[in-house]
Amino acid sequence: MALIDLLPKHLFTTRGWGLLASGVGFLLLAQIMGRRDLLALGILLLVLPLVSLAGVRILKPRFQVFREFHPSSVETSSTATVRLAVARTGAAAGPVIMEEQLPPRFGEPPAFRFPARAASGGTSRYEYHLRSGKRGQFRIGPVTAEFCDPFGLSLHQHEIDDGDILTVTPAAVELPATGLAGARGNDGVTATRIRANPSDDDVMTREYRHGDPMRRVHWAATARHGELMVRQEESVTTPEATIILDQRYSAFVSGSAAVFGPAHEDAFELVSSENFEWVVTAAMSISAHLADRNYSLRFLDAAGHPAFRTSRSAPYPETEEFSGVGGLQSIAESLAAIQLSGPRHVHGERSRKEAAVVEGAEAPFEDHLMDKLAAHRLRGPVLALLGNMPLSEARALAPAAGYGANAFALVVTDHPHHVQPVIEALKLGGWRAVAVSSRTDLTAAWAGFDQGEILAAAAAAMDVRRGAAVPR
């Protein structure tokens, strides 16, 4: 029995190995005794299992596998239900033991017998559950089955489908209400008021412009001002928030910082770090927080491009604007497989920009990003989720605060006290900036925006609304 256990699996059954051993024995006896009949018997016993092995590998039974995830994408630490339907499309054979292949993080692969006891219409249905504590995309499957030849001599295990991709999105953390809720900018700062009997004093007016319909002329205001005045309609545009998502390798991996990378056996592993995982969770949480308050969201990277254009899980990689429940779901799926990108060998402050130029990337926080922010000037808050950055980059980003009704920055670093010059440079430009680490509680960091800086930020935003020049 111990000898059988040492033999290779998935080649021959115990019967097949027995025939092979008998064949070898008869060949030896034929050699010793000089008997031709023993030689023929030995050859037959050796050839029969080998022919069976070739046959079971060439003549593969055919199946169809239908796999469904419920929900179609699942949050980290939540349970996804996998439903399988397996149907035989080739010639009928005996019962088969099948196994669903899974990434190691999901534990032991489930095994099941085909056909199932409750099979109907030639289709067997199975169900099992998965849970992942890490975001990403994971190949679930394929289903493998081990088939035996009609004589029960040889075995062959092969895949009967290609598998499917399960998307695990980052789970949002519930954030407390802050002063951000009122930072809605010029387009959508106030909901339209409806009154039964509005007086003249309740009506907002402005000077007549070419093309204004005459039915909007406010004659009482025209008489008071001595020039043609029209009713000013209050804007009810959906408030907007712009999120700058820094995803540069050089911003999140430096010194002794741990980095996760793809292993050769797992092509779905992400290039990430603890600090970047904190940023991804923050991006998901802030998106959910603002979407609940009817904000439309715009995601940009540090160079001003759509933030999810390199994410392999993004449903629409080139999209940068999202709104509603569908938009929030797209953000969640896009964040599932987002990873660090860009130059990896950066030394010193000057080399960051030089490396970007050498590798064909655009320098961060330059004109392209500023032009994108200017196109939506004062339509809502601007939020920046940043990694380590030199003082020169902080000074380049600082004027961007003038394009938002409010500006918030979270700088994630292993040593928050070392980046105080960066924080001060951002604050000088009008940002509410906080330095955090991957161990910082996200809700505490979010609430920290309201501590001691609300009045200063509001005053700065008011200056911009009054026409203060925006530095470039």
Side-chain angles (χ1 to χ4, degrees), residues 178-244 290-291 293-300 304 320-324 327 367-384 397-408 428-432 449 453-472:
T178 66
L180 176 60
R184 297 196 173 193
N186 289 344
D187 294 340
V189 66
T190 310
T192 301
R193 294 175 293 179
I194 302 176
R195 300 192 179 189
N197 297 297
S199 67
D200 286 345
D201 294 335
D202 294 324
V203 179
M204 299 176 63
T205 59
R206 61 169 173 80
E207 68 279 1
Y208 175 84
R209 297 172 188 165
H210 179 71
D212 286 334
M214 293 303 295
R215 66 178 179 273
R216 288 177 54 192
V217 174
H218 192 275
W219 299 108
T222 299
R224 284 199 305 270
H225 290 83
E227 60 178 325
L228 203 58
M229 304 292 291
V230 296
R231 293 180 179 87
Q232 171 71 59
E233 295 180 352
E234 292 183 275
S235 173
V236 291
T237 305
T238 301
E240 298 180 2
T242 299
I243 299 175
I244 301 171
L290 296 179
R293 289 154 178 79
N294 298 319
Y295 278 82
S296 64
L297 303 171
R298 189 167 60 135
F299 271 83
L300 303 173
E320 61 185 41
E321 298 184 15
F322 306 88
S323 60
D367 289 344
H368 187 65
L369 174 63
M370 297 301 176
D371 291 341
K372 283 291 189 73
L373 296 177
H376 292 249
R377 184 174 181 265
L378 298 181
R379 293 188 183 178
V382 176
L383 303 100
L397 177 61
Y403 295 115
N406 271 324
F408 304 81
L428 192 61
W431 292 84
R432 292 191 228 174
F449 283 130
E453 297 184 355
I454 296 179
L455 294 178
M462 188 60 69
D463 287 340
V464 175
R465 292 192 187 98
R466 289 170 180 164
V470 179
R472 288 296 303 273

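Because only heavy atoms are used, hydrogens play no part in the values below, and waters and symmetry mates are left out as well, while side chains stay in.
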Taking all non-hydrogen atoms of both residues, which atom of Glu240 and which atom of Ser296 are closest, and how far apart? CG-OG, 3.1 Å

Check whether any side-chain heavy atom of His376 lies under 4.5 Å from a side-chain heavy atom of Glu321, and answer yes or no. yes

Mind checking the CZ-CG spacing from Phe322 to Leu290? Nearest 0.5 Å is all I need. 14.0 Å

As an exercise, state the distance from CG of Leu383 to CZ of Phe408, rounded to the nearest 0.5 Å. 6.5 Å

Take Glu320 and Thr242 through the test side chain to side chain contact (heavy atoms under 4.5 Å, CB included) and record every step on the way to the result. CA-CA 9 Å; Glu320 61 185 41; Thr242 299; over 6 Å; no

Val382 versus Gly404, closest heavy-atom pair with distance: CG2-CA, 3.8 Å

Nearest 0.5 Å please: distance from the CD1 atom of Ile244 over to the CZ atom of Arg298. 9.0 Å

Provide the closest heavy-atom pair for Ala221 versus Thr205 in the form atom of the first, atom of the second, distance. CB-CG2, 4.0 Å

Between the main-chain N or O of Phe449 and the side-chain N or O of Arg432, is there a donor-acceptor pair closer than 3.5 Å? yes

Quick check: closest heavy atoms across Trp431 and Ala398, and the distance to 0.1 Å? NE1-O, 3.1 Å

Partners of Thr222 by side chain to side chain contact (heavy atoms under 4.5 Å, CB included), sequence neighbours excluded? Val217, Leu228, Met229

For Leu428, all residues meeting side chain to side chain contact (heavy atoms under 4.5 Å, CB included), sequence neighbours excluded: none

NE2/His218 to CZ/Arg224 distance, rounded to the nearest 0.5 angstrom? 6.5 Å

Rounding to 0.5 Å, atoms CG (Leu378) and CG (Leu373) come to a distance of 11.0 Å

Of all the heavy-atom pairs spanning Gly402 and Arg377, show the shortest one and how long it is. O-NE, 4.4 Å

